[in-house]
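These notes concern the structure reproduced below.
Chain letters run A, B, ... following the sequence lines, proteins first and then strands; every chain starts at 1.
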Amino acid sequence: MERYNFNIIEKKWQKIWEEEKTFSTKLDKNKKKFYCLEMFPYPSGKIHMGHVRNYTIGDVLARYKALQGYNVLHPMGWDSFGMPAENAARQNKLDPKTWTESNISKMKSQLKKLGLSIDWDREISTCSEEYYKHQQKFFLELFKKKLVYRKENYVNWDPVDETVLANEQVIDGKGWRSGATVERKKLSQWFFNISKFSQELLNGLEELDNWPNKVKTMQKNWIGKSFGCEIDFKIEGNLPVDRIKCFTTRPDTLFGFSFLALSIDHEISQFYKSNPDFIKFKEECSKTGTTEEAIAVGDKIGFKTNLMAINPLNPKDKVPVYFANFVLMDYGFGAVFGCPAHDQRDFDFAKKYDLEIKTVVRPENENDNYKVTEEAYPGPGVIINSEFLDGLEAPNNSVIETIKILEDKKIGKKKINFRLKDWGVSRQRYWGCPIPIAYDEDNNAYPIPDSDLPVKLPENIKLDVKGNPLDSQNKWKKITLNGKTLTRETDTLDTFVCSSWYYLRFCSPGHQDYGFKKEDVDYWMPVDQYIGGVEHAILHLLYSRFFMQALSYENQNFNLKEPFDGLFTQGMVCHETYKDHENNWVSPEDIETIQGKKYLKGDRSNEIKVGPSESMSKSKKNTIDPENIISSYGADAARLFILSDSPPEKDVQWSEEGISSSFKFIQKLWSLNLKILEECKKDHLKDTDNEIKKYTNKFLRNITKNLEDFSYNKIIANMHEMYSFLNKQLNKPYKKITLIENYEKILITMTPIIPHFTSECLKNLNITNANWPEYDEKMLIEEYANIVVQINGKKRGLIKTKKDNNEKIVMEEISKEKNLEKYIKDQKIKKKIFIQNRLINIII
RNA sequence: GGGGCGAUGGCGGAAUUGGUAGACGCGUUGGUCUUAGGAACCAAUAUGGCAACAUGUGAAGGUUCGAGUCCUUUUCGCCCUACCA
């Protein structure tokens with residue numbers, strides 16, 4: 001029998017799809033739209049299994065919706081600015097542009113081999129002038145709306161390379177390339193005012209019913225809303241400081257106040273900048289470790305000032321003011337009031353510096369003599385030792401009551417604080433979107449006029465310089481505007497800016513005047529289903545949501561708040577890890593299995609130890625190259641396998657056995673297909689096979705439901721069951737015309753999973769215009785029901801009976817069954833629980 | 001420290017509102033066919049037991065006629081987050 005030659009057939013269909021522009025989409029207001037988007041890739045040069053999984057999941061959905069008659073937008077593009085291009089360029093003496101473009105063309109051809117239903121006419125690349133010129137316009141639009149501003153901010157500075165490092169480039173406090181100790185340096189940088197929309201971004205989450213709760217929770221925590229109050233503390237001392245502002249969520253514990261702590265960056269630190277002890281203290285602070293975890297667990301240390309803070313509720317009570325390493329400058333006001341009894345950090349600090357610990361909240365079940373001794377008590381209870389606050393229920397009532405009192409006395413006021421910080425978008429890099437701003441001698445910023453946009457990135461420049469290569473482009477930097485000589489901004493935009501609006505560009509990829517056309521966006525947006533990795537749960541998704549808010553802000557023509565109606569986050573692709581006898585990682589490709597044991601290829605003395613399955617990574621050498629898989633098993637087999645073993649939202653384990661079994665399954669489907677084609681040629685007069693109709697109907701119901709639920713792994717199970725069912729039916733002696741008719745429907749439903757295969761089969765059956773087959777609810781109703789028979793709650797048997805039979809008839813049938821009858825014979829039945837068509841439980 | 005998710009055969013995973021636990025696949029075992037097979041096909045496969053039956057969804061309780069599913073307690077694992085005042 002002829003084997004299925006995926007090589008020829010897959011190429012053939014990919015060519016047809018390309019030539020006939022099968023997946024190219026046009027705006028059509030008469031059709032319901034469906035916008036299916038997967039997170040676009042960074043063009044590293046090679047696709048990896050994560051891409052295969054991501055894009056297969058998206059493709060299944062896009063193809064399913066298209067078959068259902070939706071006008072489907074399913075585009076693809078490239079997140080093509082960013083550091084890797086710059087690093088590669090330095091290493092290989094290549095222009096980042098050339099490197100990036102060649103990577104794109106390689107990856108594009110690999111993606112095409114997967115048979116994705118992508119509208120390549122809409123391809124975009126964020127590093128193209130065509131794309132970033134619109135981004136510059138958006139930047140200036142936000143600039144005009146005052147949603148973009150400049151401020152000084154700390155960066156990781158590598159003093160050897162004279163460059164700014166991203167957090168991930170700082171390893172153990174040292175620059176990743178130079179090894180130099182990283183310094184904190186203040187630079188003037190551009191910020192997007194994302195915090196202005198904190199409340200809106202929080203509210204918006206409520207509406208996103210088709211987002212995973214997990215992601216919503218993560219964003220909620222990131223935005224970090226907290227309710228409390230700001231308090232003005234009067235200060236006494238030898239410095240020109242009379243007040244310090246603090247934010248607190250627990251003003252009700254004010255009588256437990258025993259110190260006030262400031263961030264080392266607090267403005268008061270200016271008075272200490274030449275104090276040698278303070279300088280030493282600052283150094284100490286920066287030494288406490290580099291990882292965030294180390295800082296969190298690390299010792300709490302402080303520097304005592306000569307200042308005293310006065311408790312506003314009890315002016316006789318004066319406490320010392322410290323600088324402390326655990327106070328963050330960018331939360332609240334960079335100053336906290338310390339209440340050791342009811343905050344663990346304050347408690348640790350108080351213990352260290354021997355400060356008073358005043359208990360002001362007692363747990364419900366303790367009396368007023370309760371004292372905090374071993375650790376802080378942050379829990380609920382009743383206020384004590386606090387004069388007029390005594391007896392209040394903490395924290396719910398006590399916080400509100402205290403705020404009222406403080407407001408009356410004009411000492412403090414209610415405040416809602418957000419953790420969300422403004423988004424710093426300046427990057428001291430070459431390979432990014434230039435910021436369309438120039439400065440005069442006094443460092444005033446001027447937007448580049450519209451007519452001079454885009455600000456083009458200079459090409460063929462020297463990258464092997466210290467600092468930002470753009471900085472040394474003197475000719476490019478100098479411009480004249482309205483007769484004034486200005487200097488261009490040399491920072492470029494964070495690449496997250498590029499990905500914050502690309503979904504809009506896909507709606508109007510060729511539009512010249514603006515980033516998108518209103519008409520297109522009105523039709524296509526929002527994205528109905530967005531699919532990607534959970535690693536983008538916070539930043540990318542929050543930035544995109546912000547970008548829509550920012551564009552809609554004070555805008556008559558555009559008002560769209562949420563870009564992604566549905567979100568799906570897929571799991572990672574894992575593989576077993578291997579090590580040889582010298583504990584070196586070994587790639588699966590370098591292993592052969594002999595009699596169940598694994599050896600290094602060609603070396604039987606070197607047995608391989610099999611480690612746990614972990615997400616594929618180059619460092620562990622447990623990656624599998626999708627291109628090799630496609631060329632040896634075919635795209636359909638790869639798609640089938642990547643979907644089959646686990647639910648899409650969970651991690652999946654890649655295995656040789658798995659992919660090979662998917663390959664074999666396609667071969668089996670092919671021989672089934674050939675057998676059915678043979679049957680087509682025969683003369684069929686009579687056909688009474690209702691069973692096939694019923695089966696197919698149920699199959700369609702299951703597939704449709706599983707597609708809707710993203711239970712793609714169950715679809716593969718359905719397909720296996722279908723195969724063995726049809727194979728059995730085929731061997732039965734009766735006529736098979738019904739089988740053929742129903743087989744057509746089955747083929748159509750498998751198209752989203754294995755499109756090349758089904759396209760070929762459908763063509764052989766002369767089906768050209770496939771539509772998603774509907775199933776018939778009525779046909780799902782079974783004539784018989786299997787009823788579980790339980791005796792005292794234990795399953796004792798099963799009886800097949802006519803549907804909707806009542807309890808009495810079922811009992812009669814049970815007594816006819818010897819196996820069941822024996823349990824109830826001569827027994828007094830106390831009770832019967834009867835669930836029609838399902839179960840009967842007899843209690844004796 | 002805070003938050004979230006999860007725990008089902010040798011493995012990945014199925015199991016409507018609480019109602020046949022283990023679908024489907026992998027692996028394993030036996031068989032058929034073959035010069036041979038790491039191909040194809042057939043069969044078996046939660047555990048114990050010859051069987052009848054008993055036991056089984058991390059552990060311990062509880063609700064219920066009935067719990068993988070609901071409640072309480074607990075153990076372990078993973079992920080996110082991190083001195084957020």
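- Within residues 213-224 of chain A, the residues having any heavy atom closer than 4.0 Å to RNA chain B are, in order of number, A/T217, A/M218, A/N221, A/W222.
- Between A/Q790 and A/G793, the residue whose closest nucleotide on RNA chain B is further toward the 5' end is A/Q790.
- With B/A23, B/G13, B/A85 as the candidates, the nucleotide lying closest to the side chain of A/S646 is B/G13.
- A sub-4.0 Å separation between OP1 or OP2 of B/G12 and a side-chain N or O of A/N713 is absent.
- In terms of phosphate contacts, A/K664 brings a side-chain nitrogen or oxygen within less than 4.0 Å of OP1 or OP2 of B/A39.
- Taking atom P on both B/G56 and B/G66, the two are 15 Å apart, rounded to the nearest angstrom.
- Contact check of residues 252-262 of chain A against RNA chain B (heavy atom, cut-off under 4.0 Å) returns no residues at all.
- Here the side chain of A/Y331 is nearest to one of B/U20, B/G19, B/C84, namely B/C84.
- With sequence neighbours excluded, no residue forms a side chain to side chain donor-acceptor pair (under 3.5 Å) with A/D645.
- A donor-acceptor pair is defined here as one N or O able to donate and one able to accept, closer than 3.5 Å; no such pair exists between the side chain of A/N837 and the backbone of A/K803.
- Of the charged side-chain nitrogens involved, none lies within less than 4.0 Å of a carboxylate oxygen, so that A/K598 and A/E592 do not count as a salt-bridged pair.
- For B/C53, neither phosphate oxygen OP1 nor OP2 lies less than 4.0 angstrom from any side-chain nitrogen or oxygen of A/R796.
- With the nearest nucleotide of RNA chain B identified for both A/K831 and A/K728, A/K728 has the one nearer the 5' end.
- The side chain of A/H720 has B/C24 as its nearest neighbour among B/C83, B/G19, B/C24.
- In this entry B/G56 has no Watson-Crick or G-U wobble partner, no candidate having both defining distances under 3.5 Å.
- Checking the phosphate oxygens (OP1, OP2) of B/U55, a side-chain nitrogen or oxygen of A/K794 falls inside 4.0 Å.
- Not one side-chain nitrogen or oxygen of A/K421 sits closer than 4.0 Å to the OP1 or OP2 atom of B/C84.
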